[in-house]
Amino acid sequence: MAGQGEGCRARDATSVDGSADLGAPDRLRALEHIGLTAAPDERLDGFAAWVRETLDVPVALVSLVQADAQVFPGMTGLPEPWATKRSTPLSHSFCQHVVLTTEPLVITDAREHPLVRDNLAVPDLDVVAYAGMPLTDTTGNVLGSLCAIDSTPRAWTDTELTSLRRIAAACATDLRLRLATYDAGREEVRRDRLEAGQQRSFHRSQTLLLASQAFTDTTDVDDVLVRIRALVHTELHPDYVGAVVLDEQHRTIRLADDPVALAPTHTPDLDAHLPSARAMREAAILHYPDRRSFDAANPPAAAAIMRHLGLHSVVAVPLPGSDGPLGSIVLGWKIPNVVETEDLLTIATIGGYASQALARARLLQHRTGVAHALQNAMLTTLPVVDGLRMAARYAPADSREHVGGDWYDAAPVPHPARRDRHTLVVSAGDIIGHALDAATVMGQVRSMLRQAAWDHPADPPSAVLRSFEAANHGLRLDAEGTAVLARLTETDDGAWNLTWTNAGHPPPILLLPDGTAELLHDHDALFGFELTSGTGRTDHHRDIPPGSTLFLYTDGLVEHRGSDLDAGTDALLSLLRHLHDRPVQELVDLTVDTLAPDAPDDVVAFAIRFT
């Protein structure tokens, strides 16, 4: 597959005169003027790290393609000796094809791709999957590529390619700023000042435009901080970027790699007197153009930290929230008087956008925490019963909510005849719908079934289910779905028997000690629907041979879009036969991981072994 995603095409290498394009004078002149070599560049390393974190790849490069080699001023994850060299000959270059075609290059498996399968980067650098976006100057010269690399085959998604394209646009802007700075330095002083001012204004507006879009898809605090750093580096070029956020108890959390915390004079009690804390308290931007102004407004220990970091100019910006400050950003430069009034407006605007994103990220984190708590409250803690081994696995369709409408349950109830023998009521079911609404109903249904089973310890499961259905209708819960309800009863000789009723649910499976897997396929109508109201409920009975396993599940395990339900059930039966002697926790984990790793529906797998 040569490429994928909108605008990501790769031409046939035989149709391109590579040596002529790579040696184009305008392109090589731009590379010379930009001044980047194999030496590491902090900002470009930041773009490579951004790609690595966003696309979850082992290697990301900012590659500039010269006439006879490629160099990596931005790099992360490259193995040795290439990580030290930060360059390769063109015999090891995929990025040269991005330059030759001026188009993105997206490769799923380089070992099978006719364009690059003989490239030495495949065996020497372990390049298998590759996605590269062009890095262009303002005249359209392709200087190189921002690329993501994986050591295993990978089908790049449209979302990943869109993210890579956006990061490449920001990286290209950084390269263009370097070229613009070079060009401006060759002009006369008056024209230099005029044009530099115009360019600063333009790039401020570009930075503000980027800021308005940069935080739209952030979902956590770390992601917000990464975007802040990328934005301020694009235009303002600070030598130091620090950020602090307040947790729910209003305690300060500093970035893990913030060198302020590593300075010799830093102590925790100093935090309240640093510009980061003052900016939050005063809800105002603090600007110290030089060391003299900083020393006059801050304690000596803070001034010592500033000198330890080699800074001369500092700006602290609060991140306001609706209920008080959320944190602050601190920028520092190693030269004085570097920040203009217009720059302060840019920094404040970035802070405003970042504040909104930070508030949204905290809301999402809070909602996720609530969902986790709801899940823990709703999912059963399996009881410990002599003679039984139980394990369950639950995977919601909506991973953001962590809960859904499927359930499993096991609860002891009084034995109808003997106190020294165990009786359990077990169930698995599926409420129509997904996410929190279905989960709320599911929690009530599970509890009502437990109550009905406890109140009717001597009645068969069909009577318990009818009792629940009457309450479901009378209380107007209006729960609709499928369920298997079973009673496990220990016999006088210590064996077990099974009685169950099935309301339209996928049939339980009885896995015998020799690996035979039997579908307990008898079932009645679904519950909760007017058309099925009042229909009969049937009980079924089986004696359980010792060493057998009862396996309950929901349809998300066997029913997938575009596939046949019977085929899914056959695959489950085959897998269970193969795994029949595995421990029950391993049994359910392997079943879910094998048959439903990315299921579009909730998934429950519940196994009970009769030892």
**Q** When you measure from the side chain of H505 to the backbone N and O of Y553, does any donor-acceptor pair fall under 3.5 Å?
**A** yes

**Q** What I'd like to find out is whether the side chain of L488 reaches to under 4.5 Å of the side chain of I608, using heavy atoms alone.
**A** yes

**Q** Measure the NE2-CZ distance between H456 and R466 for me, rounded to the nearest 0.5 Å.
**A** 10.5 Å

**Q** Donor-acceptor pair, N119 side chain versus S93 backbone, under 3.5 Å?
**A** yes

**Q** I'd like to know if the side chain of D524 reaches the main chain of A503, judged simply by a donor and an acceptor atom lying under 3.5 Å from each other, with no hydrogens or angles considered.
**A** no

**Q** Does any donor atom in the side chain of W496 or T491 lie under 3.5 Å from an acceptor atom in the other side chain?
**A** no

**Q** Any sub-3.5 Å donor-acceptor pair from D602's side-chain atoms to G405's backbone N or O?
**A** yes

**Q** Measuring from atom CZ of F551 to atom CG of L575, what distance do you get when rounded to the nearest 0.5 angstrom?
**A** 8.5 Å

**Q** Give the C-alpha distance, both sets of side-chain angles, the deciding distance and a yes or no for side chain to side chain contact (heavy atoms under 4.5 Å, CB included) between V385 and L424.
**A** CA-CA 9 Å; V385 179; L424 262 73; 3.7 Å; yes

**Q** Is the shortest distance from a Lys or Arg side-chain nitrogen in E518 or R542 to a carboxylate oxygen in the other one below 4.0 Å?
**A** yes

**Q** Which atom pair, heavy atoms only, marks the closest approach of P153 to V128?
**A** N-CG1, 3.5 Å

**Q** Step by step, would you call I107 with V116 a side chain to side chain contact (heavy atoms under 4.5 Å, CB included)?
**A** CA-CA 9 Å; I107 295 174; V116 294; 3.5 Å; yes

**Q** Are the side chain of S447 and the backbone N or O of G443 linked by a donor-acceptor pair below 3.5 Å?
**A** yes

**Q** Charged N to carboxylate O under 4.0 angstrom, R476 versus D478?
**A** no

**Q** How about R537 and T501: does a side-chain donor come under 3.5 Å of a side-chain acceptor?
**A** no

**Q** Between L78 and A83, what is the shortest heavy-atom contact and its length?
**A** O-CB, 3.1 Å

**Q** Are any of the side-chain heavy atoms of V604 and D430 separated by less than 4.5 Å?
**A** no

**Q** Look at R393 together with D593 and state whether they make a salt bridge at an N to O cut-off of under 4.0 Å.
**A** yes

**Q** For the residue pair S462 / D539, report whether a side-chain donor-acceptor contact shorter than 3.5 Å exists.
**A** yes

**Q** What's the spacing between I509 CD1 and L552 CG if we round to 0.5 Å?
**A** 9.5 Å

**Q** Less than 4.5 Å apart, any side-chain heavy atom of N472 and any of Q444?
**A** no

**Q** Is it the case that the side chains of R389 and T611 hold a donor-acceptor pair, with the cut-off being a distance below 3.5 Å and no angle test?
**A** no

**Q** Could you tell me whether a side-chain N or O of H415 sits under 3.5 Å from a main-chain N or O of E490, the two making a donor and an acceptor?
**A** yes

**Q** Check whether the side chains of T84 and E80 place a donor and an acceptor atom closer than 3.5 Å, and report yes or no.
**A** yes

**Q** Heavy atoms, side chains only, cut-off 4.5 Å: are L573 and L519 in contact?
**A** yes

**Q** Less than 6.0 Å separating the ring centroids of H92 and W82?
**A** yes

**Q** Less than 4.5 Å apart, any side-chain heavy atom of L161 and any of P104?
**A** no

**Q** Do you know which two heavy atoms are closest between R154 and L55, and how far apart they sit?
**A** NH2-O, 2.5 Å

**Q** Using only atom types and a distance under 3.5 Å, with no angle test, would you say the side chain of E160 pairs donor to acceptor with the backbone of T157?
**A** yes

**Q** Sub-3.5 Å donor-acceptor pair from the side chain of T54 to the main-chain atoms of V51, do we have one?
**A** no

**Q** Please step through side chain to side chain contact (heavy atoms under 4.5 Å, CB included) for the pair L550 and L520, ending with a clear verdict.
**A** CA-CA 10 Å; L550 179 65; L520 307 180; 4.3 Å; yes

**Q** Are the aromatic rings of Y394 and F606 close, with centres under 6.0 Å apart?
**A** no

**Q** Using a 4.5 Å cut-off on heavy atoms from C-beta on, say whether the side chain of R111 contacts that of R117.
**A** no

**Q** Distance check, rounded to the nearest 0.5 Å: S427 atom OG versus R450 atom CZ?
**A** 8.5 Å

**Q** Tell me whether R487 contacts the main-chain N or O of D459 through its side chain, where contact means a donor paired with an acceptor under 3.5 Å.
**A** yes

**Q** Kindly give the heavy-atom pair with the smallest separation between F94 and L105, and that separation in Å.
**A** O-CD2, 3.9 Å

**Q** Apply side chain to side chain contact (heavy atoms under 4.5 Å, CB included) to residues V558 and T569 and explain how you reach the verdict.
**A** CA-CA 6 Å; V558 294; T569 303; 4.3 Å; yes

**Q** In Å and rounded to the nearest 0.5 Å, what is the CG to CD1 distance from L526 to I432?
**A** 6.5 Å

**Q** Is the shortest heavy-atom distance from the side chain of T516 to the side chain of R577 under 4.5 Å?
**A** no

**Q** Out of curiosity, Y130 OH to L115 CG, how far, rounded to the nearest 0.5 Å?
**A** 10.5 Å

**Q** Measure from the side-chain N and O atoms of R421 to the backbone N and O of D492, and report whether any donor-acceptor pair falls under 3.5 Å.
**A** yes

**Q** Answer whether the closest heavy-atom distance between the side chains of L510 and I544 falls below 4.5 Å.
**A** yes

**Q** Using the side chain to side chain contact (heavy atoms under 4.5 Å, CB included) definition, which of the options V588, T591, T549, L511 pairs with L579?
**A** T591

**Q** Taking atom NE2 as the centre, does H540 end up with more than 12 heavy-atom neighbours from other residues, nucleotides or ligands that are less than 6.0 angstrom away?
**A** yes

**Q** Above 12 or not: heavy atoms from other molecules or residues under 6.0 Å from NE2 of H523?
**A** no

**Q** How far apart are the closest heavy atoms of L595 and H560, and which atoms are they?
**A** O-NE2, 3.1 Å

**Q** Quick check: closest heavy atoms across L557 and A596, and the distance to 0.1 Å?
**A** CD1-CB, 4.2 Å

